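Inspection log for the structure reproduced underneath, given as structure tokens.
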Protein chains: 2
Amino acid sequence: MKHAPLIAQNHMRCADCPIRHKAVCAYCEPPELAKLDAIKSYKTYRAGETIVWAGQEVEVLGSVVSGVATLSRTLPDGRRQMVGLLLPSDFVGRPGRKLAPYDVVAANEVMICQFLKPDFEKLVSNTPALERRLLDMTLDELDAAREWMLLLGRKTAREKLASLLVIIARREAALNGTEIGDGLRFALPLTREAMSDYLGLTIETVSRQISALKKSGVIILEDARHIRVPDYIALLDEAGDDSDGGYIS
Amino acid sequence: MKHAPLIAQNHMRCADCPIRHKAVCAYCEPPELAKLDAIKSYKTYRAGETIVWAGQEVEVLGSVVSGVATLSRTLPDGRRQMVGLLLPSDFVGRPGRKLAPYDVVAANEVMICQFLKPDFEKLVSNTPALERRLLDMTLDELDAAREWMLLLGRKTAREKLASLLVIIARREAALNGTEIGDGLRFALPLTREAMSDYLGLTIETVSRQISALKKSGVIILEDARHIRVPDYIALLDEAGDDSDGGYIS
DNA sequence: TTCTGACCTTGATCGAGATCAAGCAAATAG
DNA sequence: CTATTTGCTTGATCTCGATCAAGGTCAGAA
């Protein structure tokens, strides 16, 4: 059986947010939900802006409403590795931890629906269903991280690029509620540099591999940031793992 | 503040297990704990034996009592990447998921204290403290996975080897309750092949980098499976990241 | 308009780690 | 006791992706 779609019907629907909050399910106690709804606030960040610095104290938790944010770790000499990619409806921040372990950076303009940490944590303590929901989300993130480890450790540059395109296509489709199939078209929400940080490559290699996939006809580059996939299965083949990447339930 | 030691005082102490169970804390309801204790059983696996096949249905959950087990993902053409390393007191299996997403393999002789999945899951549902404990453990695993991603994506072969030695030394010390310092001596619980799967390298490169670290005097190889570290700080330096790898609380 | 800087592409060359190959030591089997 | 296997090391060579370098395009500023 396939993984549940990213936006389940039972996720909390804010009055004003255009997304459903992955972290908060409709089975939470209504009075608590109402309280949460009352204390939420919105904040936007410009492209490139750092939302949280690694090591810094974090005072808020929330969900990405629009835009894309990245989690990354940096070595003292500047080598950087992305370790998480946050799309709309994804949860930001870690309940129960005071200091942030990674930089959180806006990849483009990002809007976040946020709650003060103490308020949210109090709600979590009082709401077992919410705690369970957080556990499930974290387990899914762990699976994604481990899939990513396979990519970083063992895939070729070409396979890495194809895998990233599959991941973006799949998440994009899930957000829009559309089916994945031939003729798929989507925007790349990441610069070449962000892609290289994601994949453990240099920007030059990213660029070359995109050109190579284009030359092979696996993708069509409408412009640098828009991709069309004439044959989705062909792209999956290029990604190396015959599993379609859907997690097993 | 540093991460709590791997074996906290409040973890459940089985009557007969020589370890404390990381997953189960002493704050769980005593009657439920007693019930769990009543249904536990032990099973041992030989070195190299597969404990769980990826894709297979899993019927048990439990803790590693002795030995070392690995989680790994394999590409269709045989390329393999280790994605998890389970030492004594670590939890095996995923509550709430029917099929295993990875192979679990015994790296050497492994003993597991296990519970039937339905029993354990029922206990989890009835015990909020246990659910919270599982969430914390999973978040820690996620942090470890992300640290590992940095290693796989951006570190050199030499840094990878040094990092692995630091990780093994630290976990070994935590298990024995000893301090990490100069003159540290420990056994490698992994073959060169398992190390190469962990680090995304070939066995030849692993062997060469160990030889290189030996030649530089960073480590002393007593024999192929026993390491002595004359200067722990020097080893940390070789690992590349100046953070000591302890997670931030 | 031109200038500037961000972002992307492509070419030439280099080098870290993979691959191919050989050999050694210790454990296990026959 | 010898033969085989498993795990480890080391050498020679190759190759993929990094590095160094140049140029192109486009948006926004002057």
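Just so we're on the same page: letters track the sequence lines, and every chain starts at 1. Since the structure is predicted, the reported quantities are computational estimates derived from the model, not experimental observations.
Inter-residue side-chain proximity for A/Arg171 and A/Ile167 is flagged as met; some heavy-atom pair is nearer than 4.5 Å. Counting only heavy atoms from C-beta outward, the side chains of A/Asp231 and A/Val218 never approach each other to under 4.5 Å.
As a whole-Å value, the separation of B/Leu161 CG from C/dA16 P is 16 Å. Note: CG (B/Asp197) to P (C/dA18) measures 12 Å, nearest angstrom. Protein atom CZ of B/Arg225 is 15 Å distant from nucleotide atom P of D/dT6, rounded to whole Å. Atom C1' of nucleotide C/dC8 and atom CG of A/Leu188 are separated by 12 Å, given to the nearest angstrom. One atom, NE2 of B/His226, and another, P of D/dC8, lie 12 Å apart when rounded to the nearest Å. Atom CG in A/Leu201 sits about 15 Å away from atom C1' in C/dA16, given to the nearest Å. Rounded to whole Å, the distance from CZ on A/Arg46 to P on C/dA6 is 17 Å. Rounded to a whole Å, the NZ atom of B/Lys155 is 13 Å from the P atom of C/dG17.
B/Gly67 approaches B/Asn108 most closely through the heavy-atom pair CA-OD1, 3.4 Å.
Interface remark: the B/Arg208 side chain does form a donor-acceptor pair with the D/dG11 base, using a distance-only criterion of under 3.5 Å.
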- Message: Please encode protein proximity along nucleotides 22-30 of chain C as a string of B, S and -, counting only heavy-atom distances under 4.0 Å.
- Response: ---------
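Among the atoms of the strands shown, only primed sugar atoms or phosphate atoms (P, OP1, OP2) are found under 4.0 Å from some heavy atom of B/Thr191. Among the protein residues, B/Ile210 comes within range of no part of the nucleic acid, since none of its heavy atoms lies under 4.0 Å from any strand. No contact: B/Gly48 has no heavy atom under 4.0 Å from any strand. Residue B/Ile203 is classed as having no contact, given no heavy-atom separation below 4.0 Å to the nucleic acid.
Between the side chain of B/Ser207 and the backbone N or O of B/Ile203, no donor-acceptor pair lies under 3.5 Å. Side chain of A/Thr156 to backbone of A/Glu159: a donor-acceptor contact under 3.5 angstrom is found. Judged by distance alone, with hydrogens and angles left aside, the side-chain atoms of B/Thr205 form no donor-acceptor pair with the main-chain N or O of B/Leu201 at under 3.5 Å. Listed for the A/Lys155 side chain is a donor-acceptor partner under 3.5 Å among the backbone atoms of A/Ala239.
Taking only side-chain atoms of B/Thr202, from C-beta outward, the nucleotide of C/dG17, C/dT19, D/dC8 with the closest atom is C/dT19.
Side-chain N/O atoms of B/Ser211 include none lying less than 4.0 angstrom from OP1 or OP2 on D/dT9. The phosphate of C/dG17 (OP1 or OP2) has no side-chain N or O of B/Thr205 nearer than 4.0 angstrom. The side chain of B/Ser207 places no N or O atom within less than 4.0 Å of a non-bridging phosphate oxygen (OP1 or OP2) of D/dC8.
Residue-to-nucleotide proximity on DNA chain D shows that, of A/Arg158 and A/Glu204, the 5′-proximal contact is made by A/Arg158. DNA chain C is contacted by both B/Gln209 and A/Leu221; A/Leu221 maps to the nucleotide lying nearer its 5′ end (nearest heavy atom per residue).
Classification of the A/Trp148-A/Tyr198 ring pair by plane angle, with boundaries at 30° and 60°, yields parallel.
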